Amino acid sequence: MAARPKKTPAWLVKSEPDAFSWDQQVANGVEPWSGVRNHQAQAFLKAMKKGDRVFFYHSNIGKEIVGIVEVAREAYPDPTDETGRWICVDMKAIEPVKHAVTLAAIKAEPRLEGISLIRQSRLSVMPIAPGHAAILLEMARG
DNA sequence: GCCAACGTTGGC
DNA sequence: GCCAACGTTGGC
């Protein structure tokens, strides 16, 4: 029997490496994905299930997918939120990508047309369609 | 440094 | 409820 294929990520999250980088995620292992203060992004965080895979993207500096994380804990109150209205999840580093997938490469790939990373450039948490995720994985593997 | 996208706020 | 002003994000 063939080895079970790796889970295809269903989501993408962005972080400015100045604030929280992939290296920090790896060093910390499991880390709360807190501080999201946008309703649309919150809705996506709430929909995440334990074990879901997530692309980790560096915004601003790098502008590239650098790794894959996994949802280690589903939605719970964001400890950085004093109002109690916002939630966060825990993310766990799984593996770095072999080849960082740059925004330029994503834009240049016609099969990724319509991806929300480009269409909704300010959104920091977003779903990735299975077809798009497969292409991103392919690009990440080189 | 500039600009586009877009969410939030506040006056009416 | 509308909309102008303003702030933030993120790319270039």
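Within every chain, numbering begins at 1; the chains are lettered A, B, ... in the order of the sequence lines, protein sequences first and strands thereafter. Since the model is a prediction, treat every value here as computed from it, not as a measurement.
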Against the side chain of A:Ser59, the closest entry in C:dG11, B:dT8, C:dG7 is C:dG11

Separation of C:dG11 atom C1' from A:Leu117 atom CG, nearest Å, is 11 Å

A:Lys107 vs C:dC12: side-chain N/O to OP1/OP2 distance below 4.0 Å: yes

* Asked: Side chains of A:Asp81 and A:Thr83: do they bring a donor and an acceptor to under 3.5 Å?
  -> yes

Whole-Å distance, A:Arg122 CZ to B:dA4 C1', equals 10 Å

To the nearest angstrom, the CG-P distance between A:Asp18 and C:dG11 comes to 13 Å

From CD of A:Gln120 across to C1' of B:dA5 the rounded distance in Å is 10 Å

Check for me whether A:Arg53 meets the cation-pi criterion with A:Phe55, that is, NZ or CZ under 6.0 Å from the six-membered ring centre and within 45 degrees of the ring axis.
no

Phosphate OP1/OP2 of C:dT9: any A:Tyr57 side-chain N/O under 4.0 Å
no

From CG of A:Leu123 across to P of C:dG11 the rounded distance in Å is 12 Å

If we count only N and O atoms by modelled type, under 3.5 Å, do the side chains of A:Gln40 and A:Gln120 hold a donor and an acceptor together? yes

In this structure, CD of A:Gln25 is separated from CE of A:Met91 (nearest 0.5 Å) by 8.0 Å

Rounded to whole Å, CD1 of A:Ile115 lies from C1' of C:dG10 at a distance of 16 Å

